[in-house]
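See below for the structure under consideration.
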Amino acid sequence: MTTTKDPKGKGGTETQEKSNGGMAGGIMKRLRRSASATEHNLSSLRNRKSTQNLFDQHGNPIDLRQYRKVLDKDENGNGTSNGNSEKKMRYRRTQSVTRAEEISTKEEKQRKAQPGRPIHRPRDSLFSWSSGFTNFSGLVNWGFLLLCIGGLRLGLENLLKYGIRINPLDWFFFLSGRNEGEGHNALILITYSLVHISLCLAVEKGLAMEIISEALGMFIQIVNIIVVVCLPVVIIHLKGHAFSLMGAMTVCFYFSVLFLKLWSYVQTNMWCRQTYYQKNPRERRPSITLAELKNGHLGDGEDDEAIPKLVQYPDNLSYRDLLYFLCAPTLCYELNFPKTTRVRKRFLLKRLMEVIIGVNMVMALFQQWIIPSVRNSLIPFSNMDVALATERLLKLALPNHLCWLCFFYLMFHSFLNAAGEMLNFADRNFYCDWWNANNIDTFWRTWNMPVHRWCVRHLYIPVVQMGYSSRQASTIVFLFSAFFHEYLVSVPLQTYKIWAFLGMMGQIPLSAISKYVERNLGPRMGNIIVWASIILGQPLCIMMYYHDYVVTHFQNSLNSTTDYQS
């Protein structure tokens, strides 16, 4: 057997060392890529005796006994230890930028053992983000108390300045429209909506029986739904003097809700037709309930009373089913709504009492506090006095926000829960924790759940399925919402401006700002941005619309309002 000598004498040794070094580097690289081993905890691997739950990136178990020499070599300062020590130093410097300098456990024990009784240890101030302190309940109580004191002072100032303006008889006249309008036009228009409801149901039955073609049926439904939302605009514009303000507001709100519900009804039934008649449109598929399938059609002779009978398409196409949906506290139609088994009389009585008390409280706040503040803002807005208009805005912000909070509780908790209880409607998720929203997007997704579900189910998802991006779909949803915000304000006031529309579209850049603040300054600052937009945005919109309403309808009385400037 012959051997070949390296011409340089030590070439073979160098080659072997390079090979060992490459192997060691590969082993370390494999260890660093494992699920449990990273660059900053290799020291724990050296002291680790068990290999349980230690796998590489391919899921193969790692036996540390095979790599003990490599780990010991790395610990002694050879191989890649210099690079590791440098990375550890950089890691420590990075930590020291945001936290107080950490003292090692050994040094801390030595300090505590000294006879001087040391009491200091490394810790951050409580107001520092790095301290981890989150219990500010005392400051919350302080802020709430300060807010109550400030509100009490403003209320006392209002009482001393204007006296007692609350008159329940005026509330009755306003709500009934007794001194406004001519006859009961709002009630007649609401009753007329039964024509659109009946037409919608008749077309759906024709589509289910294939008497009407799909294209013609959908064309009739689209025209019918568009007429529903346009009819109040035309009637109030032509016969505005015949409607009271409360009557016009009720008509616009009712027809807006009817528009959304009929849209959901038509689209849901269209999905049912596509599901049941997709394979063979001429084949009549029997309406078999789940209970019937369990009881008889699967060969089981025993009846199972625990399984409810589910309505199947097209058995849902009836006046009773449609009228229940129109009265139910939801905007999204389903063939089978979740139902409760009984009506809780005590719960229903509490909600009805809250509705009665809440309506009186909101009307009292309007009459005593908001109306004088809004009237006082007319001249500053007309003269473009920024400083005085800002003062009126801040003065109006508190009572307006109190009314908004009362309206939220009255509408989304008391009224909708009462309606759901009377109709045995089981889904009571009418709102989520919008008060904890850290950005504008989260607020709009949580504060009005019926509208949010409708927008996601009937607008956002269909638009995305058509090939549009999520950002484009979100913009379309905001455009849709902005239109109805403007619709509910401009049509009853007969003052066709775009302030509400611009306010809603302004939520898109405000959403980007709130997300930036949340990402860079923390969720608490993002939540403050949300609250600021709610508190200041609404009174500004009210003052602008009141100014335009007075200018449009009472131009001659502007000169007589100078006594409200003080």
| message | Ring-plane angle category for Tyr265 and Phe325, please: parallel below 30°, perpendicular beyond 60°, tilted otherwise. | response | parallel
| query | Going by the angle between their ring planes, with limits at 30° and 60°, are Trp454 and Phe480 parallel, tilted or perpendicular? | reply | parallel
| Do the ring planes of Tyr431 and Trp435 sit parallel (below 30°), tilted (30 to 60°) or perpendicular (above 60°)? | tilted
| request: For Asn224 and His196, indicate whether the former's side chain and the latter's backbone hold a donor-acceptor pair under 3.5 Å. | output: yes
| said: Using the side-chain contact (heavy atoms from CB on, under 4.5 Å) definition, which of the options Asn527, Ile534, Ile529, Asn448 pairs with Phe443? | reply: Ile534
| Would one find more than 12 heavy atoms of other residues, nucleotides or ligands at under 6.0 Å from atom OH of Tyr468? | no
| query | Does a donor on one side chain sit under 3.5 Å from an acceptor on the other, for Ser193 and Tyr254? | reply | yes
| message | Donor-acceptor pair, distance only, cut-off 3.5 Å: does the side chain of Gln494 make one with the backbone of His237? | response | no
| Note: Arg351-Glu354 ion pair, threshold 4.0 Å (strictly below) | yes
| request: Grab the two heavy atoms, one from Val228 and one from Phe255, that are nearest each other, plus how far apart they are. | output: O-CD2, 3.1 Å
| query | Do you know which two heavy atoms are closest between Val491 and Cys252, and how far apart they sit? | reply | CG1-SG, 3.4 Å
| Got a sec: does the CZ of Phe407 have more than 12 other heavy atoms crowding it under 6.0 Å? | no
| query | Between the main-chain N or O of Thr330 and the side-chain N or O of Lys261, is there a donor-acceptor pair closer than 3.5 Å? | reply | yes
| request: With Asn316 as reference, evaluate Asn336, Leu322, Asn269 under the side-chain contact (heavy atoms from CB on, under 4.5 Å) test and give the passing residue. | output: Asn269
| Would you call Glu421 and Arg346 a salt bridge, using N to O less than 4.0 angstrom? | no
| field | Whether Phe478 and Trp444 hold their rings parallel, tilted or perpendicular, with breakpoints at 30° and 60° | value | perpendicular
| said: I need the Thr268 OG1 to Glu334 CD distance, nearest 0.5 Å. | reply: 8.0 Å
| query | Under 3.5 Å, is there a donor-acceptor pair between the Asp321 and Ser318 side chains? | reply | no
| request: Indicate yes or no for a side-chain donor-acceptor contact from Ser264 to the backbone of Tyr333 under 3.5 Å, with no hydrogens or angles considered. | output: yes
